[in-house]
Every structure is written in C-alpha cells, then in structure tokens.
Amino acid sequence: MTVLVLGDQLCREVGPVARRPDERVLMIEATEFGRRLPYHPHKLTLVFSAMRHFRDALRADGRTVEYRQVERFADGFDDHFDGHPGDDLVAMRPVGDGATRRLRNLVGERGGTLEFVRDERFLSDPATFDEIAGAPPFRHEGFYRAMRRRTGYLMTDGEPLGGEWNYDDENRDTPPADYDPPDPPRFEPDELTRSVREWVDDAFMASEETGWPDTGAWADPSPFAWPVTREGALTALEDFVTHRLPEFGPYQDAMVAEEPTMNHALLSPALNLGLLRPGEVIERAIAAGREDDAVPINSLEGFVRQVLGWREFVRHVYRRTMPDLASANQLGADRDLPGAYWTGDTGMRCLRDAVEGVRRRGYAHHIERLMVLSNFALLYGVDPAQLNEWFHAGFVDAFHWVTTPNVIEMGSFGAGVFASKPYAASANYVDRMSDFCGDCRYDHRETTGEDACPFNALYWDFLDRNEDRLRPNGRMGLVYSHLDDKDADELAAIRERAREVRRRGREGEL
Ligand SMILES: Cc1cc2nc3c(=O)[nH]c(=O)nc-3n(C[C@H](O)[C@H](O)[C@H](O)COP(=O)(O)OP(=O)(O)OC[C@H]3O[C@@H](n4cnc5c(N)ncnc54)[C@H](O)[C@@H]3O)c2cc1C
Ligand code: SF4
C-alpha cells in the first residue's frame, strides 16, 4: 500500500498521508506539465520547490518517500510499479477535471489499484454543494449563507454576527492620496528554492510550438519571494491578519498605482497547494477579530466571504460544469489577446500596471484581475479560452479548477452558470476605484477621438454588439437606457473608435 500525494495536496494534517503514518508515500514530479504553456518562472519554482520541501519534511519525520522526477506522469508510475508490482495506491480525490479517471487508468494499466478518498482541502463536499445550490444557474449568496450556518463562522444565535450577511457597502472606499499600505512579507529563498529557480530557467525557457511567446521569455521576474513550506505559509497568514486584515475590507476594491498588493492576503498560492487549509485561515482571521478591536466586521466578513464563499463555490461550479465550461463562449467572442498582455507595452496606465504585476510577480489582486485585465478583454472581444490560458500561464495561483470559472464565467460571461450579468465597465469605474487615470496618456472622460480612453468606446460597442443577448437581461436595463440615449452619429463614431482601438491592440499600439 502506498499513499499517492499530488503536487497540489501538500498537506500533512489531513487525508491519507495523515491517517496512514506507516505507509510509504509516492510523489511524482513530472516536468511535462511545465511545458504545456509558457508559465511564469515563479509559478514553476513555487510548485516544484513546495513539492520538494514537502518531501524533505516528510522524510525528516522518518517517512519513506519515493520521489520520482520524470518527464511524464506515466513514467513515474512505470518506475513505481517496476519496484512495487501490483501495488495498491490511495490518494485524496483530485480537483482537476477528468484527473480521477486519468490517474486510475494509468495505475490500472500498470497492474495496480488506486482508491480515492474525500478531498479534505475544502470545507464543503460535493453533496453539500449539490444540496444547497441545486441546478444551474448557481448563486453564490445562498451558498455562502448556508456555509456560514453550517460552519457557524461569524454566526451568533443562528444570526449573522453584526446583523448583516454582507458589508459590501462599506467595502468600496478609495484610500487617501498619501496612503501607504503595509509592505507584504518576503520569503527569502533557501538553497533548495534557489536551485529550483535556476533549474526552472534552464529547463523551461525553450517552449514547444504553443503559439505563445517562449516559456519564461515574456516574464520579467523580480526575485522570488513566495512561501514554499507550511511554516512559511503560516508566517504569511500571521502577517496578513496582523498587518493587512484591518483594512482589507474598506480598500478591497481599490487600485493604487505601484501598490500591487494593497491589503490583500496573498494566500491563494499556499491555499491552492495545500500548505494552508481554508478552515484554519478563516479561524485565524476570526480569532484576530476577537483579539484586536482594529479589525472591523466589514473586513472580517469580507475576507471570510472570499474563502468560505467564493473559493468553495467556484470549486463546485467547476466540478458541475466541466468540461463544457472551459470552451463556453455564449457571446461568441473570437478575437486574439492583444500583445500588450504579454509585453506590458501600452499607454493604458491601468492595463500596464496590472500586466507588469503579472510579468514581475505572477500576481495581480482581484480587482485588477476582474475590472482591468478581464474587463478589457471582455469589451475587446477576446476569446475566453485564450484569456483563460493567459491567466493560467501568468499567475502563480492558477490551477484549472479555480482559474477557469473565474476567467470564463466571472470575467468573460462565457456561460451564464453563475454570473447574472457581465462584469463590464467603462473608464468611469477604473477612475472611481483607482488613481490610474490622472496619470494616463488617455482621457477617461472621452469616448471618441485620438486621446479617448479605449475602455469607453469598447464598452458601448460591447453593449451594442451583444444587444440581442444582453438587453433582455433585467439587470442590464439601466445601461441599455443609456445606450438608447445615443443618436446614430454618436453610435457610428463609437463603432469607428472601437475598430481603431482593436486595430491598435492587434498592432501593439494600444
Ligand atoms: C479573472 C480572474 C482570475 C482569477 N484567477 C484565479 C486563480 O487562478 N487562482 C486563484 O486562486 N484565484 C483566482 N481568482 C480569484 C482571486 O482574484 C484570487 O484568489 C485572489 O486575487 C488571490 O489573491 P489574494 O490571496 O491576495 O486574495 P484576497 O483578495 O486577499 O482574498 C482572500 C482569498 O480568498 C480566495 N478568493 C477570493 N476570491 C476568490 C475567487 N473569485 N475564486 C476563488 N478564490 C477566491 C482566495 O483563496 C484568496 O487567497 C481570479 C479572479 C478573477 C476575477
Ligand atoms: S484613462 Fe482609461 S486606460 Fe487610462 S488608466 Fe483610466 S481607464 Fe485606464
């Protein structure tokens, strides 16, 4: 009997690795996956270094770990079954679509068996979600409230703590001009991480013919600083609840130039690799709220909603809607991603800042992802699947189960399985929530003309182009009434400007 630990299940506290302390552990490090897309070097460093640190931590505890470094996953099983013919494997159920079947086949073809047990890295199981959420379209708010009731998090006598389920109204502030958010922690790479980082540059620079820029060649990485161990992840959690949680809520939607992290948690890579569990993250935040009067309920609830609500929700949406979700494209968007997403070379200040964050750190915070990077692609008409691949390649926290629902559905309104309307906004939104526009080559108040912000014409053109599908949506009534106020000349000028913006996007002149 062997416990199989997959690369995003680096958790010793739960699952078969915890329950079967005397069994041998198998881990397979397959480099093939790192060549499928031109991944940011930090993403590859993070995954491989975290896996190797996990192996070493288990060995330090006296566990037997067979760590197979191979090109393809199948090669790892070949080696394993050469040494242990007919072995029986047990693993936590993977989240990726079709992974259970693929792994079972690989093991079965080599004469072994593979049993999957409950994935304990999440707070909700499939039956719970299916019972609460029913059939599509799924709605987050009902799921989140049910999860609050079931877990008891932020509840008192069966009612939400503070009297409200949601404090969004208090979470849309923009900081003062001299606002200086706390510096995020840096995790200095140890020798193992440094060697992985160097190996990543050697092993993954040359890509196969993916049609994308060469692996690694598009990124402009700053020094690697993500936590790669359980201890580092716990330190990152402490740092967040101590320094950034108090102002997480009010500035949750704010964007400030040169402040790529604001008060965000920076915990998604550790959570997605299994180094942290969502329950302990939420409980630590709630404890901090009890210990420290400086943590207001709007910050605490805002954070809990992301982890207990959204993170769990998208995981199940993925499970219920794949494989269709990955190729969903209900608006028929088919344009290529502008080159500026790879180069950062654009006069659009907001886009440049967000892309630079990705090129340097493999990170942009939620509002940059949603209201700049995917909003612009949505208005421009980028093929959602292509945008999804860009997010996958670029972000350190990108795993198919979480990136796909966020990009295809939340960002691109690809399927209508949970978004009730597209997250489409003009420069008004960016101007209200950021300090980008004052320092931009474009004018956020203009819709047409050489200096007009590209978001504006694209926004009206998007509504115009997708009128048949979007106008009947009750939540779009107000925006369509504004479109109706535009006369034929205005609309013609908007369409012309939108064409020009797309031409510039194609030719690298945005
Ligand atoms: C277009 C788009 C793409 C995204 N791609 C990813 C991705 O590849 N991987 C990923 O983990 N998240 C993704 N998200 C969700 C969210 O933006 C990130 O989880 C968050 O920005 C991570 O940074 P943080 O830890 O500082 O998060 P915070 O803003 O501090 O939030 C705290 C935690 O809540 C969870 N969370 C918040 N929102 C979401 C959400 N919508 N879906 C899932 N978890 C959520 C994350 O675990 C996060 O660590 C995406 C969102 C959008 C709009
Ligand atoms: S003017 Fe337009 S492109 Fe420039 S920062 Fe504002 S929203 Fe972005």
Side-chain angles (χ1 to χ4, degrees), residues 1-20 23-30 32-34 36-37 47 50-51 54 66-68 70-81 84 86-131 133 136 138 271-274 277-278 311-328 388 392 397-406 408 417:
M1 163 67 72
T2 300
V3 174
L4 171 67
V5 173
L6 300 174
D8 62 350
Q9 300 182 343
L10 308 181
C11 183
R12 291 164 65 184
E13 290 73 27
V14 296
V17 83
R19 301 228 169 74
R20 297 168 180 264
E23 305 291 356
R24 167 174 67 224
V25 172
L26 168 65
M27 297 178 72
I28 300 177
E29 182 189 294
E32 177 195 44
F33 114 85
R36 280 190 210 143
L37 288 174
V47 172
M51 286 180 72
F54 188 76
E66 295 188 355
Y67 193 87
R68 310 277 177 190
V70 286
E71 173 63 19
R72 297 173 318 128
F73 221 82
D75 303 336
F77 284 128
D78 281 342
D79 293 349
H80 180 77
F81 286 103
H84 310 283
D87 196 14
D88 300 315
L89 272 52
V90 59
M92 265 197 293
R93 189 173 291 281
V95 204
D97 182 54
T100 310
R101 188 176 20 87
R102 276 196 305 278
L103 288 169
R104 269 223 181 93
N105 287 346
L106 286 174
V107 170
E109 285 159 7
R110 286 157 183 80
T113 68
L114 175 54
E115 180 197 354
F116 287 111
V117 296
R118 186 177 159 227
D119 183 358
E120 293 178 58
R121 296 167 308 141
F122 292 93
L123 287 159
S124 54
D125 56 23
T128 307
F129 178 88
D130 294 350
E131 184 193 327
F138 305 113
L271 276 163
N272 296 349
L273 285 169
R277 281 166 290 125
R311 185 170 186 275
E312 300 281 325
F313 180 78
V314 300
R315 178 249 172 158
H316 291 294
V317 168
Y318 178 84
R319 175 179 60 80
R320 291 283 300 273
T321 59
M322 283 294 286
D324 296 347
L325 184 65
S327 56
N388 198 23
H392 265 111
D397 58 10
F399 292 83
H400 209 250
W401 66 266
V402 58
T403 320
T404 303
N406 274 298
I408 302 269
V417 287

What's the shortest heavy-atom distance between [X] and [Y], and which atoms?
X      : Y      : answer
Arg104 : Phe116 : NH2-CD1, 3.5 Å
Glu120 : Met92  : N-SD, 3.3 Å
Leu106 : Ala74  : CD2-CB, 3.8 Å
Thr404 : Ala326 : CG2-CA, 4.0 Å
Val314 : Pro405 : O-CG, 3.6 Å

What distance separates [X] [atom1] from [Y] [atom2], expressed to the nearest 0.5 Å?
X      : Y      : atom1 : atom2 : result
His316 : Arg320 : NE2   : CZ    : 10.0 Å
Met51  : Tyr67  : CE    : OH    : 4.0 Å
Asp125 : Glu312 : CG    : CD    : 9.5 Å
Leu273 : Cys11  : CG    : SG    : 11.0 Å
Tyr318 : Leu325 : OH    : CG    : 8.5 Å
Asn388 : Leu37  : CG    : CG    : 9.5 Å

Any side-chain heavy-atom pair from [X] and [Y] closer than 4.5 angstrom?
X      : Y      : value
Leu26  : Leu89  : yes
Leu6   : Leu103 : yes
Val417 : Val317 : yes

Between the side chain of Arg121 and the main-chain N/O of Asp8, is any donor-acceptor distance below 3.5 Å?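 Looks like yes, one N/O pair under 3.5 Å.
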Does the plane of the ring in Phe313 sit parallel, tilted or perpendicular to the ring in Phe138? Use 30° and 60° as the thresholds.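 The rings of Phe313 and Phe138 stand perpendicular, inter-plane angle above 60°.
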Would you please classify the geometry between the His80 ring and the His84 ring as parallel, tilted or perpendicular, with 30° and 60° separating the classes?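 Answer is tilted, since the angle falls between 30° and 60°.
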Name the residue from Val25, Leu10, Leu4 that meets the side-chain contact (heavy atoms from CB on, under 4.5 Å) definition with Val17.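 Option passing the side-chain contact (heavy atoms from CB on, under 4.5 Å) with Val17: Val25.
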Quick one, Val70 with Ile28, criterion side-chain contact (heavy atoms from CB on, under 4.5 Å). Give me CA distance, side-chain angles, the key distance, then yes/no. CA-CA 7 Å; Val70 286; Ile28 300 177; 3.7 Å; yes
Does either side chain, that of Asn406 or that of Thr403, offer a donor lying less than 3.5 Å from an acceptor on the other one?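 Judged by distance alone, the side chains do not pair up.
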Just checking, is any N or O donor in the side chain of Asn272 or Arg311 under 3.5 Å from an acceptor N or O on the other one?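 There is such a pair between these side chains.
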Dump the intermediate steps for side-chain contact (heavy atoms from CB on, under 4.5 Å) on Val117 and Val90, then the final yes or no. CA-CA 7 Å; Val117 296; Val90 59; 4.0 Å; yes
Salt bridge or not between Arg68 and Asp75? Use side-chain N to carboxylate O under 4.0 Å.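 A salt bridge is absent here (no side-chain N lies under 4.0 Å from a carboxylate O).
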Look at Asp130 together with Arg319 and state whether they make a salt bridge at an N to O cut-off of under 4.0 Å.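 Looking at Asp130 and Arg319, the cut-off is met.
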Does NZ or CZ of Arg315 fall inside the cone over Phe122's six-membered ring, less than 6.0 Å from its centre and within 45° of the axis?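 The answer is yes, since Arg315 meets both limits relative to Phe122.
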Could you go through Val95 and Phe399, starting from their C-alpha distance and side-chain angles, then the distance that decides it, and tell me whether this counts as side-chain contact (heavy atoms from CB on, under 4.5 Å)? CA-CA 9 Å; Val95 204; Phe399 292 83; over 6 Å; no
Qualifying salt bridge (charged side-chain N to carboxylate O under 4.0 Å, His left out) pairs with a residue from residues 86-99, counting only residues at least two apart or across chains: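 Qualifying pairs, neighbours excluded: Arg24-Asp87.
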Residue pair Met322, His400: steps toward the side-chain contact (heavy atoms from CB on, under 4.5 Å) verdict: CA-CA 11 Å; Met322 283 294 286; His400 209 250; 3.6 Å; yes
